[in-house]
Amino acid sequence: MIQGFSTWDILRPFLLPLPFHLVQVCSPSEELPRLKSGPPEASALHSPQDLFRLFRGHLDLPNMTQRIGFPFCWLIQRLQLLRLLPLGVTCHAVFCCLLQPGLEGSDSLLYLSCNRSNQDPGYCEREIRLASSLDFWTLSSENLIGTFWHRLPVLLTSGYVSPAPMLPVDPVKENYVRKVKNCIFSMAFPTPFKSRVRLIAVSKEVLEDILDLDLSVSETDDFIQLVSGEKILFGSVPLAHRYGGHQFGIWADQLGDGRAHLIGIYMNRQGEKWELQLKGSGKTPYSRLVVSDDGVWRDQFYSGNIVQERGAVVLRVAKSWFRFGSLEILAHDGELDLLRTVLDFIIQEHFPSVDVKEPNRYVDFFSIVVSETAQLIALWMSVGFAHGVCNTDNFSLLSITIDYGPFDFVPNTSDDERRYKIGNQADIGMFNLNKLLQALNPLLDPRQKQLAAQILEGYPDLYYTRFRELFKAKLGLLGERKGDEELIAFLLHLMEKTEADFTMTFRQLSEITRDQLQELAVPQQFWALKMISKHELFPAWVSQYLLRLKSNRNDSDSERRERMTTVNPRYVLKNWMAESAVQKAERNDFSEVRLLQQVLQHPFQKHSAAEKAGYSSPTPSWAKDLRFFSCKGKWYWLLNYSSRILMHFPICRPSGNFDQVIQPLENQKQNSVMEVEMETMSRSTRL
């Protein structure tokens with residue numbers, strides 16, 4: 001018994017039969033097996049015997065056996081039952097396609113039909129309609145925590161079972177804070193709000209392009225219950241991830257998902273796997289916050305001043321939430337077999353260019369992580385982004401930007417030593433990669449350790465190469481010319497000295513003509529450039545810049561400006577914009593939240609409403625003293641549309657040392673997100 005429920009009560013919602021995908025054993029030239037009726041409700045399952053009867057009665061077996069033979073159908077049914085019984089609480093969705101084991105969650109509106117125009121025998125075309133409800137839309141956790149049983153049907157039908165290992169779950173099912181060992185996940189259910197919740201914002205692109213859901217689904221009660229943690233879908237086994245990490249340079253031991261729940265994996269119609277995670281969704285065994293019956297207590301600025309705020313939950317998606325700390329905790333606790341298992345899983349799932357059977361696979365894996373981490377941090381720098389908390393537990397193994405905040409532009413104030421200010425990020429990347437290598441070292445032989453160390457030594461060159469490429473593109477420079485680095489550094493120096501706006505300086509360079517620059521009479525509309533033009537060295541920089549532009553072959557001024565506007569955003573999420581939206585939201589006015597969402601979906605395009613709101617204007621006087629905005633805050637609508645721009649960050653006046661971004665690294669041996677905002681209509685219990 002768990003929380004007053006019997007084992008069968010817990011199992012029942014997860015054991016939905018999946019006849020839709022059995023059609024793949026049929027010839028594509030034949031009609032699909034027909035259901036006798038619609039898919040059964042979970043409430044129809046009262047016992048394991050009901051489940052068995054359901055498997056036998058739900059499909060129109062006579063029609064099916066005419067084409068594939070009754071014995072085979074009989075075998076399929078029993079394989080499903082055999083597999084489900086030993087799994088216990090499981091995710092049905094990965095099993096929903098017996099002959100497609102890679103399918104995690106799915107929209108059961110998926111069906112196969114014969115492509116009459118294609119003459120290749122056996123060729124089928126997958127047709128998918130966007131789901132208009134969550135009735136048949138499923139998630140799966142089984143790719144992470146399943147067992148051999150979910151591969152048995154594949155073994156019997158194809159003779160091959162994928163070698164990807166399964167990741168162990170904490171055997172302790174009670175949800176209390178503790179030291180966890182010998183597992184990767186702990187089962188933990190979200191804590192629903194006590195009061196009514198309201199949907200504030202949703203990404204149409206994520207819903208339709210990633211999750212195969214029609215936008216209208218977001219208006220349903222089921223969807224609101226899902227994203228607020230109140231409803232658990234078929235196939236979902238909510239999990240909290242165990243990891244450790246170095247925080248501010250010091251080993252912090254066990255950390256983990258202290259208020260987050262991985263609710264499952266969805267595979268969409270493009271074959272992409274996406275992990276769905278609720279953030280701010282309640283207590284887990286890794287919680288490190290104070291529990292209150294009076295709402296949310298939070299230290300927004302990490303200053304010791306804890307205040308009560310309205311609760312919020314965000315549903316966010318990523319290809320994976322594994323981070324450097326996922327491996328560090330295992331190495332630190334001496335769980336080397338589990339470390340090897342996790343690494344092999346991550347490699348097979350997310351690093352297709354690495355052969356999981358190769359002896360040097362961990363070195364190859366590390367090489368990719370080093371390269372892509374260097375690329376990521378260079379991208380941060382190209383938009384003036386300071387992550388804020390570059391701890392190893394916040395660095396993704398897939399080199400995507402996660403868990404940023406309190407983020408800021410120069411200087412970052414999340415730590416007194418200013419360890420994570422923007423000019424230090426490349427060095428911190430090196431430090432974190434070194435800690436990752438230390439976690440891998442127990443699995444490497446002496447030669448592999450030497451190779452990995454050499455790879456890490458190449459990190460500075462990788463970073464500077466990408467940094468130079470990005471900033472050359474921001475300035476519209478083509479080809480390679482001596483002095484490009486000096487030209488970039490010169491401009492950044494002028495920006496620092498004049499406290500120019502980073503975003504608008506580069507954007508206005510994208511819009512101003514060569515003739516206007518040549519005259520040194522910068523129009524008032526280019527206010528950021530006009531600020532820089534007051535510096536006595538501005539004419540010298542302009543002269544060098546225009547001379548360099550002349551070396552661009554077959555390049556007109558209009559082509560240069562068009563090219564630059566595609567890499568220099570006009571809008572980013574500045575502190576004052578976020579603060580303005582938050583203040584309105586506190587009064588239940590979410591208009592600016594939705595405006596920001598709309599604008600930041602297309603940050604390179606001029607938007608009339610954004611112009612009217614002053615989003616491309618100088619920072620208002622009332623916002624001059626704003627410190628930073630934390631994405632771990634009460635409002636989780638801060639959107640990250642990585643397909644359009646790396647991120648949409650608060651970029652205000654630079655006041656740090658820009659020269660640091662191109663100086664040699666000091667310690668060379670040393671994060672498409674859907675974010676959905678839920679707010680309580682009254683005070684509620686939440687971590």
Side-chain angles (χ1 to χ4, degrees), residues 1-16 42 83-95 104-105 138-150 165-192 225-244 254-266 275-289 291 313 315-316 320-322 325-326 329-330 333 335 338 341-342 345 686-687:
M1 301 288 289
I2 301 177
Q3 298 181 347
F5 294 93
S6 69
T7 302
W8 178 246
D9 289 329
I10 299 297
L11 285 174
R12 187 175 59 189
F14 301 102
L15 302 183
L16 178 69
R83 174 181 168 273
L84 291 172
L85 292 180
L87 279 181
V89 178
T90 184
C91 304
H92 76 284
V94 73
F95 182 62
E104 302 308 317
T138 62
L139 296 174
S140 171
S141 304
E142 198 157 315
N143 188 59
L144 296 171
I145 63 172
T147 71
F148 169 78
W149 286 95
H150 93 278
M166 296 295 102
L167 306 179
V169 178
D170 183 7
V172 179
K173 296 301 184 288
E174 290 78 12
N175 189 3
Y176 64 91
V177 178
R178 61 187 182 275
K179 175 71 174 178
V180 180
K181 302 276 288 185
N182 300 309
C183 69
I184 304 302
F185 299 104
S186 293
M187 188 181 299
F189 285 80
T191 303
Q225 291 171 6
L226 170 67
V227 299
S228 64
E230 182 178 350
K231 177 173 182 171
I232 303 301
L233 287 184
F234 288 125
S236 173
V237 179
L239 302 170
H241 178 35
R242 171 194 174 212
Y243 56 82
Q254 176 178 290
L255 296 169
D257 290 334
R259 50 177 178 163
H261 296 80
L262 176 61
I263 61 173
I265 299 175
Y266 181 78
E275 295 183 5
L276 281 66
Q277 185 188 72
L278 295 176
K279 183 73 171 178
S281 45
K283 178 183 175 182
T284 77
Y286 311 100
S287 294
R288 302 176 294 281
L289 303 177
V291 180
V313 176
L315 172 62
R316 57 187 189 176
S320 173
W321 297 103
F322 285 117
S326 303
I329 189 68
L330 303 178
D333 290 352
E335 300 170 22
L338 186 51
T341 297
V342 172
F345 176 89
R686 173 68 76 241
L687 287 176

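Numbers for residues simply follow the sequence, beginning at 1.
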Review point. Sub-3.5 Å donor-acceptor pair from the side chain of Q254 to the main-chain atoms of V180, do we have one?
Key: yes
**Study point:** Contact summary for C183 and P168, nearest pair of heavy atoms
**Key:** CB-O, 3.6 Å
Exercise for review: Report yes if the side chains of L315 and L276 come closer than 4.5 Å at any heavy-atom pair, otherwise no.
Suggested key: yes
Practice item. Grab the two heavy atoms, one from N182 and one from R242, that are nearest each other, plus how far apart they are. Key: N-NH1, 3.3 Å
Review point. Which atom names give the shortest non-hydrogen contact between G280 and V313, and what distance separates them?
Key: O-CG2, 3.3 Å
Practice item. Using atom types as modelled and distance alone, determine if a side-chain donor or acceptor of S141 lies under 3.5 Å from a backbone N or O of V237. Key: yes
**Study point:** Separation between CE of M187 and OG1 of T284, rounded to the nearest 0.5 Å
**Key:** 13.5 Å
Study note, to complete from the structure: The reported gap from CZ in R259 to CG in L278 (rounded to nearest 0.5 angstrom) is 13.0 Å
**Study point:** P285 backbone acceptor or donor facing S186 side chain under 3.5 Å
**Key:** no
**Study point:** E230 side-chain N/O to P192 backbone N/O, donor-acceptor pair under 3.5 Å
**Key:** no
Practice item. Quick one: pull up CD1 in I184 and CD in E335 and give me the separation to the nearest 0.5 Å. Key: 7.5 Å
Point to revise | Spacing of Y243 atom OH and L255 atom CG [to the nearest 0.5 Å] | key: 6.5 Å
Check your understanding: So which heavy atom on M166 is nearest to which on T341, and how close?
Key -> O-CG2, 3.9 Å
Review point. To the nearest 0.5 Å, how far apart are CH2 in W321 and CG in L262?
Key: 9.5 Å
Review point. Quick one: does V342's side chain get under 4.5 Å of S326's, heavy atoms only?
Key: no
Point to revise | Heavy-atom pair of closest approach, residues G258 and S287 | key: O-OG, 2.6 Å
Point to revise | V172: partners by side-chain contact (heavy atoms from CB on, under 4.5 Å), with sequence neighbours left out | key: D170, E174, Y176, R178
Study note, to complete from the structure: In short, T191 meets G282 closest at the heavy-atom pair OG1-CA, 3.9 Å
Practice item. Would you confirm whether N175, through its side chain, and K283, through its main-chain N or O, come within 3.5 Å as a donor-acceptor pair? Key: yes
Practice item. State the CG-CZ distance between L144 and F185, to the nearest 0.5 angstrom. Key: 4.5 Å
Review point. Going by the angle between their ring planes, with limits at 30° and 60°, are F345 and F322 parallel, tilted or perpendicular?
Key: perpendicular
Review point. Hey, does the side chain of S236 reach the backbone of I263 with a donor-acceptor pair shorter than 3.5 angstrom?
Key: yes
